[in-house]
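All figures in this text were calculated on a predicted structure; none of them were measured in a lab. Throughout, protein chains are lettered first and strands after them, A, B, ... in sequence-line order, and every chain is numbered starting at 1.
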2 protein chains.
Amino acid sequence: MARQNTVFKEAYNRYAVALRTDTALPSEPEIAAQLGVSRSTARAILTRLSEEGIIRWNKRQKIVLRQPTDHDLFPSEETDSLHDIIERSFMQRILADDAAPGMQINELELAREIGTGTTSVREFLIRFSRFGLIEKRPNSHWTLKGFTREFALELADVREMFELHSAAEFGRLPRDNQSWADLAAMRDEHHAMLADINQRFKDFSVLDERFHLLIHRASKNRFIADFYDAIAIVFHYHYQWNKTAARQRNERAIHEHLDYIAALESGDQAAIDAACRAHLHSARQTLLQSLPQIATETA
Amino acid sequence: MARQNTVFKEAYNRYAVALRTDTALPSEPEIAAQLGVSRSTARAILTRLSEEGIIRWNKRQKIVLRQPTDHDLFPSEETDSLHDIIERSFMQRILADDAAPGMQINELELAREIGTGTTSVREFLIRFSRFGLIEKRPNSHWTLKGFTREFALELADVREMFELHSAAEFGRLPRDNQSWADLAAMRDEHHAMLADINQRFKDFSVLDERFHLLIHRASKNRFIADFYDAIAIVFHYHYQWNKTAARQRNERAIHEHLDYIAALESGDQAAIDAACRAHLHSARQTLLQSLPQIATETA
DNA sequence: ATTTTGTTTTTTATCTACAATAAACATTTT
DNA sequence: AAAATGTTTATTGTAGATAAAAAACAAAAT
């Protein structure tokens, strides 16, 4: 098989769950735009909905006959894109305890284990290499550099340079910019989480990511944005694996964020710089503490 | 054909030209190490040299019978790696005048034009995407973002952050580090070029690249190193295309480099910072002036 | 005992083919 | 005439196959 129709299946599920009996559906281009797919895929969805008796479809008339049940949806294994499957599978291997730095990565073996072709694995590895966790020797294998202390320090250094820059840019945004409203909303979210910290401290990592993303967007710099994407993915898996969601540490981070937000809102560049530095310093400590204790770089 | 034996051919040429009649050649592993290829490839080279009557080969005995002529070598079209061919071809298209920002990039068309398969082109584009000049819409085409003013400004911003960091790190290197000797040698090269500036100003871009690479290596940060790789490639093609090798501008840059080197050697962090900033400021101007005058980003 | 050569196996780099998806074109409906 | 639907074409995403290159293993030579 050349390609799985995961785009179709995933979009079908997404559209099906939102259907309400007796409502009429909009035009094909509109559905396609809503779902973020091409009209071809949108039509495939309508065709299937029609075949399943969920809608009655005749040209412009598209009436929802019945609410789709869980039974109508495609199982989640079939809706994940191959890229996501490979990413998950690979990250698990990388973060597993037996993945020692210096280890070789074998494309064919990876592909077989994931149950996919080598081309997709290769392309994933090429894309993934920008995160600095693996490295290729030309005409030869990939090497796992690993989530080591060196990696964490290099990452933290760049992160600090970028965030200080972005925070300063944020402080210079005109007051009518949407970002200020977003920041205010985020301040409230922080307060809400703090009020119920014992229950919700585990949700912090998601809020943290959104907060820093908001700051970084102010820089309007593609290299900074790309780097933050990389950080976000690496951290996402790293913290998922290392369940070091210490309540105390997160509470402290929330307070730092609130100070940081206050500094941004003050517009005082010196205050912004200080608050940003303070938070980045403790974020660095958190990162270093979350490392597997033994790992050290091997040449 | 699955794969061209360009590694073999390129290494064969490299080895053949260095042969001297009546000398004995070292062991297979040694030859392989010298050429940076596997022993399998080294043996293929020896086999061919033997077949062509250039050497007499019997187990450990490898005697050079005659000097290879140009006729014995593989033509240069056959020794370029596919990756290099694609890179050159693509950069020429990107930097050509008719390549407007926002343009779509078609994998199949590119592959046909270069005379290669789509897989290689795809992989090249994925790798190339980290330079921020192209962008992919999932399940759809690549878009050329182009060498625009925005690109140049974003690049310059990151470059400045990184170089200020690296320069500071350089200043902290222990005095017995090899980099100090390299820096001194580079100072002399700058003086030599300055003495003969009218003849040699065109060679400056190579020296410039080596100089900044030396600084960046001090940071020992993989993200900074990778970014500088990207800059180097982009600039390499950009300046090759835009022959704006103004004598005056280069002379000024050499003076700035010399000030910068003096500051580094002084070890005074404030002086380093100032000299670095001064040079980066004018480097930014140079970059902006070298842009095609009309190009502006399109969404 | 180590290094070198001879031989075999493994792995990567690349091409080709094809289904899914997007995009373009043509026809119909409002 | 503008927008929607119907139909066709182009392009991407992925699997599978194969030669080149690397790596591993085995035998021979110093």
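Remark: B:Arg48 qualifies as a cation-pi partner of B:Tyr12 under the 6.0 Å distance and 45° angle criteria applied to the six-membered ring.
Every ring-ring contact (aromatic ring centres under 6.0 Å, His included) that B:His216 has, sequence neighbours left out, goes to B:Tyr228.
When heavy atoms are screened at a 4.0 angstrom cut-off, B:Ser120 is found touching the sugar-phosphate backbone but no base atom. Backbone-only engagement by B:Ile105 is indicated by non-hydrogen atom pairs under 4.0 Å involving sugar-phosphate atoms exclusively. If you check every strand for non-hydrogen atoms under 4.0 Å, B:Thr116 touches sugar and phosphate atoms only.
For the residue pair B:Arg3/A:Asn139, the side-chain donor-acceptor check at 3.5 Å is satisfied. Between B:Gln92 and B:Tyr237, the side chains place no donor N or O within less than 3.5 Å of an acceptor N or O (distance only, hydrogens not considered).
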Donor-acceptor pairs under 3.5 angstrom involving side-chain atoms of residues 18-26 of chain B: please list them, not counting sequence neighbours.
residue	atom	partner	partner atom	Å
B:Arg20	NH1	B:Val17	O	3.4
B:Thr21	OG1	B:Gln67	N	3.4
B:Thr21	OG1	B:Gln67	OE1	3.2
B:Thr23	OG1	B:Arg20	O	2.6

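A heavy atom lying under 4.0 Å from DNA chain C marks the following residues of residues 21-30 of chain B, by number: B:Ser27, B:Glu28, B:Pro29.
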Check your understanding: How does protein reach along nucleotides 20-30 of chain D, written 5' to 3' as B (base within reach of a heavy atom under 4.0 Å), S (only sugar-phosphate), or - (no contact)?
Key -> BSBBB----S-
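Rounded to 10 degrees, the angle separating the terminal helix axes of the helix from C:dA1-D:dT30 to C:dT30-D:dA1, each built from five base pairs, is 30°.
Proximity note for A:Lys136 (side chain, C-beta onward) versus D:dG13, C:dT12, D:dT5: the nearest is C:dT12.
Among pairs with a residue in residues 82-122 of chain B, those fulfilling ring pair (Phe, Tyr, Trp, His ring centres under 6.0 Å) read B:His83-B:Phe124, B:Phe90-B:Phe124, B:Phe90-B:Phe128, at least two apart in sequence or across chains.
Side-chain nitrogen and oxygen atoms of B:Arg43 include at least one within less than 4.0 Å of the OP1 or OP2 phosphate oxygen of C:dG6. For B:Asn58 and C:dT5, the shortest distance from a side-chain N or O to OP1 or OP2 is not below 4.0 Å.
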